[in-house]
Each structure stands twice: as C-alpha cells, then as structure tokens.
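A quick write-up on the structure given underneath.
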Amino acid sequence: MTLAEVLRGVRHVLLDFDGPVCALYGGSSDTEVATKLRNLLSGGPLNIPAPIAHTSDPLEVLRYAAVRSYRELSLIEAEFVAQEVHASTTATPTQRAREAITALASSGRTITIVSNNSSDAVIAYLSRIGLAHIVDGVVGRVPRHPELMKPRPDLLQAAIEQRSANAKECVMIGDSASDIAAARAAGTLAIAFVNRPAKTKQLKQEQPDVMIESMGEIELVSQLPIA
Ligand SMILES: [Mg+2]
C-alpha cells in the first residue's frame, strides 16, 4: 500500500512517542538511566544476568525487575518515571514531527500517543513544546505492569477504547518492531517509521502496511481528506 492509501480511511492515529515524536534521551543518556535503575536491584551486580547487566535500555531493566519481586518493581518503576520526566526536559524533537501532528489534527483525525514510556514523561514533553492541546489522549505504560507494554496490544486497545473507535479506522505509527507487532495484534493498520537504516530489515519482518523515512511524508499526505 502507499501512504496515501493507508491514511485514506484512518480517523484515529495511534502515535508512538520515543522515535516519531522526539528522541526522549536526545539530551541525556538512556545508558545512565539504565545504570541508575540497575543499582536499585538488590544483591549487587553478580546477582544480575549478563544481558541485564549490560543493557542500555531502561525498559529492559524494568521488565527484569518484574520477574524479581514486586518490591523491586515498585522501586524501579518510581525511579524510572522520575528519570523519564527529567529526560523529557531535554528530549529533542523529531524532524517534521510537529508539522505531521499538526497536519493530522487539521485533517480531522484524532491523535493518541501510545507509548511504553510513562504518561507523565509524554505529557511533560508535549506541554514543554506546546503540543499538548493538539493531542487527544496519552496512553503510557501501565505502572508496575511492564508485561502489558508493546508488543502486547493492550495499550493500543486502551487507546482505541478511549477514542470510541474501531481498530480498522486506526493506524499505529512507530519506529520499533514492537509497535508494528502490537498493531497487528490489535487489528489496526501500521506505518513503520524507519528513522535509522539499520532498522529496515527488522521493521520489514513485521510486515507494516507501509514504511516511511521521514515524518514529513505524513505531513504531506495527511492533507488529503478522509475517505
Ligand atoms: Mg519508539
């Protein structure tokens, strides 16, 4: 399908946050946040499996905390939200994201941010750059339930319900394989935003309806009326 064909019947846009909207850690370091979270795990570094000991992805540390204990999960979730909100103050906007969001809204489509990041961080960023009033809703990670994050469809389903929509009239736009897998599971259309060429193969494997390389493409095509 072409991007125009995908967007034609779409009334509701489910938009991933870190990637299509901004680089959350654009002005800070996800590695540092992962380390801070890891240091909250009990038992010291020898008690942590190698992949978790070396990951630069704080979300992976959160997932791991959930298999350890509820106490550690709660502790890490709270610290993670604080770190994400802090990162949002220096997050860097994705090129043409503002224009794409504005054009989608002007065309009469709703926009719901669907993110594995915390709603607090998403709202803080949108408020900071003056986009909060354009976005219809924010569905972030469910606190202390990392198992519900994308690629599970739960967050998308919550967004679809929030908009009183039908999955068929929704599209998910995301830059990760998990966004596309979640869209497939929820029954929505899927646009893969390939923000780094290295991701092309991985995103293609999830069979999105269309792949784009710039949010500017959304800006141009969303000006066509909804069919
Ligand atoms: Mg992303």
Side-chain angles (χ1 to χ4, degrees), residues 3 6 13-31 33-34 55-63 80-81 83-85 87-88 90-98 100-101 104 111-126 128-129 131 135 137-142 146-159 170-186 188-219:
L3 182 59
V6 171
V13 175
L14 314 181
L15 187 60
D16 175 40
F17 177 61
D18 192 9
V21 177
C22 68
L24 177 57
Y25 300 100
S28 58
S29 161
D30 52 356
T31 306
V33 174
T55 185
S56 61
D57 184 357
L59 290 165
E60 286 306 311
V61 183
L62 181 72
R63 283 186 204 272
F80 189 16
V81 173
Q83 293 292 334
E84 287 173 302
V85 170
S88 76
T90 54
T92 50
T94 299
Q95 260 195 355
R96 309 308 289 177
R98 174 188 295 277
I101 290 169
L104 285 167
I111 298 157
T112 309
I113 307 287
V114 182
S115 175
N116 284 351
N117 293 118
S118 66
S119 298
D120 287 359
V122 175
I123 292 165
Y125 175 78
L126 294 175
R128 187 193 120 205
I129 65 156
L131 279 178
V135 169
V138 174
V139 177
R141 173 175 86 234
V142 180
E147 78 282 3
L148 298 180
M149 296 194 297
K150 297 173 281 184
R152 280 264 298 252
D154 300 63
L155 301 183
L156 282 74
Q157 286 162 344
C170 300
V171 69
M172 177 77 212
I173 306 174
D175 67 316
S176 296
S178 59
D179 293 311
I180 310 306
R184 288 286 159 256
T188 70
L189 291 155
I191 299 172
F193 171 42
V194 190
N195 48 3
R196 276 186 282 124
K199 287 184 180 178
T200 307
K201 194 178 159 200
Q202 207 192 3
L203 283 165
K204 209 173 203 164
Q205 272 173 357
E206 299 295 333
Q207 299 184 306
D209 294 292
V210 68
M211 298 173 80
I212 59 169
E213 288 175 4
S214 163
M215 291 300 286
E217 295 173 51
I218 303 270
E219 176 195 356

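Here the structure is a predicted model, which is why all the values come from computation and not from measurement. Order of appearance sets the numbers: ligands from 1, and atoms from 1 within every ligand.
Between Met172 and Ala183, the closest heavy-atom pair is CB-CB, 3.7 Å.
For Asp16, the N/O/S atom at the shortest distance from the Mg ion (ligand 1) is named OD2. The nearest N/O/S atom of Asp175 to the Mg ion (ligand 1) is OD1. Looking only at N/O/S atoms, Asp18 comes nearest to the Mg ion (ligand 1) through O.
Between Asp16 and Lys150, at least one side-chain nitrogen of the basic residue sits less than 4.0 Å from a carboxylate oxygen of the acidic one, meeting the salt-bridge criterion.
Residues satisfying the side chain to side chain donor-acceptor pair (under 3.5 Å) test with Glu206, not counting sequence neighbours, are none.
Applying the 6.0 Å contact sphere to CD of Gln207 captures no more than 12 heavy atoms from other residues, nucleotides or ligands.
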